[in-house]
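This one's a predicted model, so the numbers in the text were calculated from it and none came from an experiment.
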Amino acid sequence: MLDLGLGGKVAIITGGSEGLGRAAAQRLAVEGARVAICARRPDVLERAAEGIRKASGQVLARSVDVSKADQIDKFVGEVVSEWGGVDILLNNAGTSAAASFEAVDDAAWLHDFELKFFAAVRLCRLCIPHMKKRGGGRIINVTNLGAKTPSARGLPTSVSRAAGINLTKSLANEYAPTRSS
């Protein structure tokens, strides 16, 4: 069996109750990481947490709306208090809102950016100092193909996800610059 070196690592996964987030949480837990998952729906979240526990994984599950800064602050604080830090952050929360330009009002734009972009910004801001204290970490920001190749009627998701790609590249340039030989 391949040891991925995840034993004892602490991972935060947003949108961890279903789909890619749940699958990532389950896999990280099976590999020995302690996983903190959050999502908005407590019933679906608890089913995901129970599945991780049954697979002998350590999980902390909290109902969190990541579009709310105070809820993100509280969640990260609970994770750090419980497990002493953060090694992995998987920003996965978000829906795939898709409409034509004229159908997207200001409220929809703001909600999409709060949920996908600003949540990632806030989580990175909170987690990076803990990762630095532990000697490094990993941040994965989930986007979609529409971020690079937007389709007609793919708003606001294609724009907020494109911002997520730029955030990821900027963070990589700042915190993990490539070294020339």
Side-chain angles (χ1 to χ4, degrees), residues 1-41 44-64 66 72-96 115-117 119-145 147-148 161 163-181:
M1 185 165 144
L2 179 65
D3 180 6
L4 299 177
L6 297 174
K9 299 289 185 186
V10 175
I12 290 178
I13 302 170
T14 67
S17 64
E18 296 180 291
L20 178 67
R22 181 176 179 167
Q26 193 123 15
R27 187 66 197 172
L28 288 169
V30 166
E31 293 294 333
R34 293 171 285 180
V35 295
I37 58 174
C38 70
R40 288 174 293 160
R41 296 179 297 161
V44 179
L45 182 65
E46 189 47 43
R47 281 195 299 275
E50 190 55 37
I52 293 168
R53 286 185 198 103
K54 283 182 182 174
S56 301
Q58 292 184 51
V59 63
L60 178 95
R62 296 290 183 266
S63 179
V64 174
V66 297
I72 292 172
D73 290 343
K74 182 179 178 190
F75 178 57
V76 172
E78 288 177 8
V79 173
V80 171
S81 176
E82 181 77 21
W83 289 328
V86 179
D87 301 291
I88 301 163
L89 171 61
L90 175 59
N91 285 308
N92 176 62
T95 60
S96 217
L115 178 62
K116 296 172 190 156
F117 180 72
V121 167
R122 292 173 181 130
L123 280 150
C124 290
R125 187 183 303 128
L126 290 168
C127 292
I128 286 171
H130 296 289
M131 291 175 174
K132 288 168 82 175
K133 286 179 192 173
R134 291 165 80 97
R138 301 293 182 264
I139 298 171
I140 302 103
N141 293 319
V142 175
T143 67
N144 66 22
L145 292 174
K148 285 191 166 194
R161 293 300 193 186
I165 289 174
N166 200 302
L167 171 67
T168 303
K169 289 178 179 182
S170 296
L171 290 171
N173 289 336
E174 184 170 347
Y175 292 102
T178 57
R179 291 179 172 79
S180 58
S181 35

Legend entry - Arg40 backbone acceptor or donor facing Ser63 side chain under 3.5 Å: yes
Inset, instruction - List the atom of Gly57, the atom of Ala29, and the distance in Å for their closest heavy-atom pair. - result: CA-CB, 3.9 Å
Inset, instruction - Could you tell me whether the side chain of Ile52 reaches within less than 4.5 Å of the side chain of Ile37, counting heavy atoms only? - result: yes
Inset, instruction - Side-chain contact test, heavy atoms from C-beta onward, threshold under 4.5 Å: evaluate it for Leu89 versus Met131 and give yes or no. - result: yes
Legend entry - Within-4.5 Å side-chain heavy-atom neighbours: Ile13 and Leu28: yes
Inset, instruction - Find the distance between CG (Leu167) and NZ (Lys169) and round it off to the nearest 0.5 Å. - result: 12.0 Å
Inset, instruction - Side-chain contact test, heavy atoms from C-beta onward, threshold under 4.5 Å: evaluate it for Arg41 versus Glu18 and give yes or no. - result: yes
Legend entry - Point-to-point distance, once rounded to the nearest 0.5 Å, from CZ of Arg138 to CG of Leu6: 10.0 Å
Legend entry - Closest contact, heavy atoms only, Thr14 versus Ala93: OG1-N, 3.0 Å
Legend entry - Where Ala55 and Val30 come nearest, the two heavy atoms and their spacing: CB-CG2, 4.3 Å
Inset, instruction - State whether the number of non-hydrogen atoms from other residues, nucleotides or ligands found under 6.0 Å of Ile140 atom CD1 is greater than 12. - result: yes
Inset, instruction - Kindly give the heavy-atom pair with the smallest separation between Asn144 and Ser96, and that separation in Å. - result: ND2-OG, 4.1 Å
Legend entry - Rounded distance (nearest 0.5 Å) linking atom CZ of Phe75 with atom CG of Leu123: 8.0 Å
Legend entry - Of all pairs that satisfy side-chain hydrogen bond (donor to acceptor under 3.5 Å, both in side chains), the ones with a partner from residues 83-95, not counting sequence neighbours: Asp87-Arg134, Asn91-Asn141
Legend entry - Glu50 with Arg53: basic N within carboxylate O range, under 4.0 Å: yes
Inset, instruction - Would you indicate whether the side-chain heavy atoms of Ile139 and Tyr175 approach each other to under 4.5 Å? - result: no
Inset, instruction - Return the minimal non-hydrogen interatomic distance between Pro129 and Cys124, and the atom names on each side. - result: CD-O, 4.4 Å
Legend entry - Qualifying residues under side chain to side chain donor-acceptor pair (under 3.5 Å), relative to Asp73, sequence neighbours excluded: none
Inset, instruction - Could you tell me whether Glu82 and Arg34 have a side-chain N and a carboxylate O separated by less than 4.0 Å? - result: no
Legend entry - Nearest-0.5 Å distance that lies between atom NE2 in His130 and atom CD1 in Ile12: 8.0 Å
Legend entry - Which atom of Ala119 lies closest to which atom of Ile72, heavy atoms considered: CA-CD1, 3.9 Å
Legend entry - Check: Lys148 main-chain N/O paired with Arg161 side-chain donor or acceptor under 3.5 Å: no
